[in-house]
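Here is the structure we will look at.
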Amino acid sequence: MIFAERAFLGDGWAQRVRITLVDGVIDTVVADAQAQPGDTRVQALLPALSNLHSHTFQRAMAGMTEYRAAGRDSFWTWRDLMYRFAARMTPEQIEAIAALAFMEMQEAGFAAVGEFHYVHHQPDGVPYADVAELSVRIFSAAAQTGIGLTHLPVLYSYGGAGAQPLAVGQARFGNSADAFARLLEAARTAAKTLPADCRVGLAPHSLRATTPEDLARILPLAAGQPLHIHVAEQPREVADIQAWLGARPVEWLLANTPINADWCAIHATHMTPAETLGLARAGAVAGLCPVTEANLGDGPFDGPGWLAAGGALGVGTDSNVRISMVDELRTLEYSQRLRDIARNIMVVGEGSVGQSLYRAAAMGGAQALGRKSGVIAVGRLGDLVAIDLDHPALCALQPAQILDGLVFASPDTVVTDVWSAGRHQVRGGKHVARGTIVAAWRKALAELAASL
């Protein structure tokens, strides 16, 4: 049982809210209630966000790619460094890094994660005896942390647009469509050991990493589960696809695939107004990773156009260079302000920008991960986050300003508690398994540093 002095429900803030959970699902929500003995008491309760896009292994690279070399640095030079790093990791290290990242996500206020998983094989590209070995490592990390997991095995067959061969650094990623189908089946079987809220969808990495023929073969394997794809992160990527297929990536996908509400378009950054409107109308979620997109110099998303089209959106930590729920939301808004030389962009009409961003990301992230969450209501998963209203960033605010204070003024330490499908994993601001997870992380990083 949870008793909150305030809770952000579907129709706004309510006072003295008591919530009961049964098997990880919200069973009752009662406002103007009285706390009962044994209740977990919190100051303010919110529906927790889902982190819709993560590559956990990249968490170990944070701080290692911020040195300017000769020439102009870009996403593509960063990618070369990432490939060299990925080639070094053992299965044990991948598990330890994932557990640390998942723990940090929960401590930052995320209850669930979409793990876009494309490191599949041994460094030379030879599959492990269990083709799903590295997916199983992700499952183990999720079990250690209790995070809600939507696992997204990635089809990555080619090194670039036009079915270019995989580069040496991409060997661990590569699968034919048939090999991917076998890997996906093995991952879904292995995932049955996880809690019932776990999902296993699939993810064609991008149009440049597959072909129209292979894409058509694997899309039916989604079978109603989440389907994620990188779409338009970089101008060069857009130009390469247009030169190969005769259409821009989102334009081609809209014309040739059955995009619907199961889809999440990751990095829907470089789109035309017609593509923005078409993707929004198709019901797909725009998967935005503002901190990573800023770190890599990707460029800003067309927020006003997307909102005007009624599109759903969510946020993800992607490269995990900085794991912070509030930073993702505020960076999204600030990217719009810097581009437009204006303020208070990401809201339709008038109103609280923080509330607009938070509500949209809660609902859109849940949709993208196939989770019945995103709002505190009976029948929804108990994905919940509590925040400290006595924190200096929030203590002077009126209820209508709390989410503005959270998004634009608060550090991550305002998060006091997190439940992932009812699993109370963060208490007093710290994950319940922090010591064990950090110790394993330190060992993995020491081993990696020695191998570099």
Side-chain angles (χ1 to χ4, degrees), residues 49-68 73-86 97-98 100-102 104-105 107-110 112-119 150 152 154 156 173 203 205-206 208-209 228-238 249 264-271 285-303 306 313-339 346 357 360-361 364-365 368-369 407 412:
L49 267 57
S50 294
N51 176 358
L52 58 66
H53 189 65
S54 162
H55 312 298
T56 48
F57 79 90
Q58 293 176 15
R59 170 65 181 84
M61 293 172 54
M64 296 184 182
T65 62
E66 309 304 327
Y67 180 89
R68 185 182 178 96
D73 273 346
S74 68
F75 165 83
W76 306 100
T77 56
W78 172 89
R79 190 181 72 160
D80 289 341
L81 291 170
M82 181 269 288
Y83 287 168
R84 294 202 294 272
F85 190 87
I97 294 164
L100 187 282
F102 290 163
E104 290 182 330
M105 291 171 196
E107 289 184 345
F110 291 111
V113 61
E115 181 62 13
F116 197 97
H117 176 73
Y118 58 81
V119 183
T150 293
L152 299 158
V154 172
Y156 199 128
F173 314 157
H205 178 272
S206 55
R208 60 184 162 85
H228 292 211
I229 182 171
H230 292 129
V231 290
E233 182 173 6
Q234 286 282 325
R236 181 177 130 186
E237 176 182 24
V238 174
C264 183
I266 303 297
H267 305 309
T269 305
H270 297 285
M271 298 195 297
V285 176
L288 309 174
C289 306
V291 171
T292 294
E293 288 157 1
N295 182 266
L296 297 181
D298 288 344
F301 168 71
D302 178 12
W306 187 255
L313 63 85
V315 295
T317 59
D318 194 358
S319 69
N320 295 302
V321 66
R322 166 90 173 117
I323 295 176
S324 170
M325 177 263 290
V326 293
D327 274 6
E328 295 296 345
L329 294 174
R330 72 171 63 118
T331 301
L332 173 55
E333 170 66 19
Y334 286 169
S335 70
Q336 309 298 299
R337 297 183 185 191
L338 287 168
R339 181 196 59 221
M346 293 296 291
L357 278 171
L369 268 57
V407 171
D412 299 316

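Owing to the predicted nature of the structure, the values given are computational and were not obtained by experimental measurement.
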Is M271 close to D302 at the side-chain level, that is, under 4.5 Å between some pair of heavy atoms?
->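 Of all side-chain heavy-atom pairs linking M271 with D302, none is under 4.5 Å.
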H53 vs H230 side-chain heavy atoms within contact, under 4.5 Å | yes
For the rings on H228 and F116, is their centre-to-centre separation under 6.0 Å?
-> no
Name the orientation class of the two ring planes belonging to F173 and Y156 (parallel below 30°, tilted from 30 to 60°, perpendicular beyond 60°).
-> tilted
When rounded to the nearest 0.5 angstrom, what is the spacing between [atom1] in [X] and [atom2] in [Y]?
X: L332; Y: R330; atom1: CG; atom2: CZ; result: 12.5 Å
X: M105; Y: L100; atom1: CE; atom2: CG; result: 9.5 Å
X: R208; Y: Q234; atom1: CZ; atom2: CD; result: 9.0 Å

Which of N295, T292, T56 passes side chain to side chain donor-acceptor pair (under 3.5 Å) with S319? Answer is T292
What are the two closest non-hydrogen atoms of [X] and [Y], and how far apart are they?
X: E237; Y: S206; result: OE2-CB, 3.9 Å
X: P300; Y: T269; result: O-CG2, 3.6 Å
X: A108; Y: S324; result: CB-CA, 4.1 Å
X: A361; Y: L329; result: CB-CD2, 3.8 Å
X: T317; Y: E328; result: CA-OE2, 3.6 Å
X: F110; Y: S50; result: CD2-C, 3.8 Å

For N320 and S54, does a side-chain donor sit closer than 3.5 Å to a side-chain acceptor?
-> yes
So, [X] side chain and [Y] main chain: donor-acceptor pair closer than 3.5 Å or not?
X: H270; Y: R236; result: no
X: E293; Y: G299; result: no
X: E104; Y: I323; result: no

Take H267 and V231 through the side-chain contact (heavy atoms from CB on, under 4.5 Å) test and state the conclusion after the steps.
-> CA-CA 6 Å; H267 305 309; V231 290; 5.5 Å; no
Any salt bridge (charged side-chain N to carboxylate O under 4.0 Å, His left out) involving residues 317-326? Give me the pairs, sequence neighbours left out, ordered by first then second residue.
-> R322-D327, R322-D412
Sorted by chain and residue number, the side-chain contact (heavy atoms from CB on, under 4.5 Å) partners of R337 (sequence neighbours excluded) come out as E333, Y334, R343, N344, I345, F408
Option passing side chain to side chain contact (heavy atoms under 4.5 Å, CB included) with F102 (candidates N51, V113, I97) = V113
